[in-house]
A.B. asks: 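Take a look at the following structure, please.
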Amino acid sequence: MTSDPDRSPPAQPQSAAENLDDDHYPAFTIGRAAEMLRTTVGFLRSLDEAKLIEPQRSRGGHRRYSRHQLRLAARVRELVDQGTGLDAACRIVTLEDQLQEARALNARAPIPPDGQYPPLKGV
């Protein structure tokens, strides 16, 4: 979920301006990310441990977060603030994203010429 398998690294280094529009560019340090989300660095580390978010690392080994990852963290934070356990909140966010991806794939899928879909196996 945190890594996008359909997203390949750019062939050439991007300019700084191009990175500003890249939702997956790891622009934020853990301290800045925690400040933006009004949470602690420990909370962000717990999301890393739960494997919801796997931040990239700088050359010095420091965690770097993208805007996409911060949105995921904000969604988990909201659920946790409402009383949902961390593991359950991570699972909910993961399932919501999987559902959104499946709906997007279905929207792009061609409709069979006869309008009939093959029967589901195992159902």
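Owing to the predicted nature of the structure, the values given are computational and were not obtained by experimental measurement.
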A.B. asks: Under 4.0 Å between a Lys/Arg side-chain N and an Asp/Glu carboxylate O for R91 and D87?
C.D. replies: no
A.B. asks: Residues in side chain to side chain donor-acceptor pair (under 3.5 Å) with Q56, at least two apart?
C.D. replies: none
A.B. asks: Please report the interatomic distance OG1(T29) to CZ(R63), rounded to the nearest 0.5 Å.
C.D. replies: 12.0 Å
A.B. asks: Which heavy atom of L44 sits nearest a heavy atom of I30, and at what distance?
C.D. replies: CD1-O, 3.7 Å
A.B. asks: Under 4.5 Å between any side-chain heavy atoms of T94 and L72, yes or no?
C.D. replies: no
A.B. asks: The criterion is salt bridge (charged side-chain N to carboxylate O under 4.0 Å, His left out); which residues satisfy it with E78, sequence neighbours excluded?
C.D. replies: none
A.B. asks: Using every non-hydrogen atom in the two residues, find where V76 and A89 come nearest and quote the distance to one decimal.
C.D. replies: CG1-CB, 3.9 Å
A.B. asks: What's the shortest heavy-atom distance between Y65 and P55, and which atoms?
C.D. replies: CE2-CB, 3.7 Å
A.B. asks: With sequence neighbours excluded, what pairs up with S58 under the side chain to side chain contact (heavy atoms under 4.5 Å, CB included) test?
C.D. replies: H62, R64
A.B. asks: Taking only residues two or more places apart in sequence or in another chain, which ones pass salt bridge (charged side-chain N to carboxylate O under 4.0 Å, His left out) with R32?
C.D. replies: E35
A.B. asks: For N106, what residues pass the side chain to side chain donor-acceptor pair (under 3.5 Å) criterion, not counting sequence neighbours?
C.D. replies: none
A.B. asks: Can you tell whether the side chains of D97 and R75 come within less than 4.0 Å, N to carboxylate O?
C.D. replies: yes
A.B. asks: Is the number of heavy atoms from other residues, nucleotides or ligands within 6.0 Å of CD (Q100) greater than 12?
C.D. replies: no
A.B. asks: So, for I53 and Q69, which heavy atoms are closest and what is the spacing to 0.1 Å?
C.D. replies: CD1-O, 3.2 Å
A.B. asks: Please give me the minimum heavy-atom distance between R77 and L37, naming the atom from each residue.
C.D. replies: NH1-O, 3.4 Å
A.B. asks: Just to verify, what does R67 make a side chain to side chain donor-acceptor pair (under 3.5 Å) with, not counting sequence neighbours?
C.D. replies: D23
